[in-house]
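Quick notes on the structure that follows.
Owing to the predicted nature of the structure, the values given are computational and were not obtained by experimental measurement. When a ligand or atom number is given, it counts from 1 through the structure's own listing order.
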Amino acid sequence: IVENCTCAFCGCNCDDLVYLVKGGEVKGELDGKLVTSGYVDGGHVVACRHACRLGASKVMEDMDQRLLVPMIRNDDGALVEVDWDTALDKAAELIAGAVRPVFYGWSETSIETMHYGLELGELVGAVLDNQATICHGPSLQAVQNAGYPVNTLGEVKNRADMIVYTGNNAMNSHPRHMARYAAFPRGYFRQRGRFDRTIVTMDPRYTDTAKMSDIWVGFEQNGDYEFYNAMRAVLRGKKLEKDVISGIPKEDIEELVEAMKGAQYGSLFFGLGLTHTLSKQRNIDIAINLIQDLNKYSKWNLIPMRGHFNVNGFNIFMAFEQGFPYGVDFARGYPRYMNGETNTIDLLTREEPDVFMVIAADPGAHFPSGANRHLSNIPVIQIDIHWGPSTELADIVLPGSFIGVEAAGTSYRMDGVPLYMKKAISRPETCRDDEWIVNELLKRVQKIKGIEPKV
Ligand code: SF4
């Protein structure tokens with residue numbers, strides 16, 4: 001049994017998971033239970049306590065497609081097994097010789113790995129970008145425009161008496177969010193848990209999250225901007241001229257605003273319903289402004305429902321190290337950040353990159369076809385643990401390790417709280433840790449360029 005493991009799936013980063021490991025070496029006994037000293041040699045996670053279905057499936061059942069050996073695509077177009085040195089040398093050669101390399105992904109690996117990735121990116125003048133570019137990038141732009149009235153999930157649990165989910169379906173995307181942080185837990189000032197809170201879902205569809213809520217506001221798709229503007233107008237004492245706004249009667253909007261004003265502590269969680277619909281970051285601008293206006297009457301905060309467990313980590317790491325959160329271009333020898341210019345999809349659709357390294361991401365599955373078309377024309381280096389659509393596009397495959405299960409590392413939760421994810425079992429012998437792989441690429445590229453590696 002390995003306790004206090006952190007789930008490596010969604011931005012909730014649940015850190016209360018208990019793994020039952022079989023086939024490993026048991027290190028000792030505590031309170032009558034067999035325990036390990038944090039990890040065992042080898043073994044498999046056969047049961048996973050506390051995790052939701054998404055987290056558990058990743059830890060326990062997701063191993064059938066496991067990438068186990070380094071591979072290079074041969075002249076016939078087939079991926080064939082090679083040894084680590086051959087694969088790493090070939091990848092380093094491609095990276096060192098690239099004119100416009102892009103290193104994309106990072107959201108499902110550790111901060112420690114990103115550290116080497118950044119050094120490598122600076123060295124070869126790459127663009128470093130993560131999944132924010134197709135996800136909460138508009139939220140990051142909005143934060144730069146309008147501010148970031150954020151709180152932690154602990155504050156939500158202990159204080160919030162009103163929770164708003166807007167443009168996201170937490171019950172499906174972050175299944176323990178309501179149970180662990182927002183709706184159900186008994187908090188210091190919310191001893192009766194769910195009974196002490198009003199839950200509102202604003203979403204065009206009657207989602208599973210809406211079913212769990214007290215109020216469902218089903219405004220029209222792409223009606224976000226108008227809807228939040230109407231709420232702000234009411235909040236500022238204006239009269240609404242239209243009777244129905246984005247499909248919602250104005251009386252309902254007035255009632256909702258009154259309820260939000262009356263909350264003791266409110267928290268708004270927003271998702272891709274805002275970032276992916278018409279007006280994108282402007283939807284979040286206005287949601288942030290709404291939260292700021294509400295603070296004249298009550299205490300309100302907001303948190304973006306970040307997707308991958310460490311997507312926020314890359315943005316925090318890059319902002320801390322380089323001043324910009326994603327889409328950072330080192331082509332000129334210093335960091336540049338220009339949305340629409342230095343983001344992966346824009347670069348790929350303009351057919352600029354000549355080498356693409358994807359780590360802990362699956363553009364093959366999640367990028368628009370125009371972007372993937374260019375990926376099929378240039379060398380792609382993949383560092384990942386699973387065979388996926390990106391493997392079909394890859395020319396070199398480097399099998400990494402599963403952070404939080406086979407390798408330890410740091411991640412940042414959706415609210416920016418850092419967590420150290422422990423190792424529970426050993427990786428397959430033929431795989432390597434992501435951190436080791438990227439560092440090894442760095443050392444080999446330094447050698448090609450005649451640079452003395454730092455000790
Ligand atoms: S809610 Fe997210 S972090 Fe928590 S167990 Fe489920 S997938 Fe993992």
Within ligand 1, which atoms have a heavy atom of Gly55 less than 4.0 Å away?
7 (S), 8 (Fe)

Is atom 4 (Fe) of ligand 1 less than 2.8 Å from an N/O/S atom of Cys10, whether that atom is in the backbone or a side chain?
no

Return the orientation label for the His136 and Phe270 ring planes: parallel under 30°, perpendicular over 60°, tilted otherwise.
perpendicular

Provide the number and element of each atom of ligand 1 under 4.0 Å from a heavy atom of Phe9.
7 (S)

Measuring centre to centre across the rings, with the benzene-like ring taken for any Trp, is His177 within less than 6.0 Å of Tyr165?
yes

Tell me the nearest of Cys52, Cys48, Ala51 to atom 7 (S) of ligand 1, using heavy-atom distances.
Cys52

Report the nearest protein non-hydrogen atom to atom 4 (Fe) of ligand 1: residue, atom name, distance rounded to 0.1 Å.
Cys14 SG, 2.2 Å

With a 4.0 Å cut-off, would you call Glu435 and Lys423 a salt bridge?
no

Phe9-Phe309 aromatic ring centre distance below 6.0 Å:
no

Nearest protein heavy-atom contact for atom 8 (Fe) of ligand 1: which residue, which atom, what distance?
Cys7 SG, 2.3 Å

How are the rings of Trp106 and Phe314 set relative to one another: parallel (under 30°), tilted (30 to 60°) or perpendicular (over 60°)?
parallel

Among protein heavy atoms, which lies nearest atom 1 (S) of ligand 1, and at what distance?
Arg176 N, 3.3 Å

Does Glu258 form a side-chain hydrogen bond (donor to acceptor under 3.5 Å, both in side chains) with Tyr297? I'd like the steps, not just the answer.
CA-CA 10 Å; Glu258 240 3 84; Tyr297 301 93; over 6 Å; no

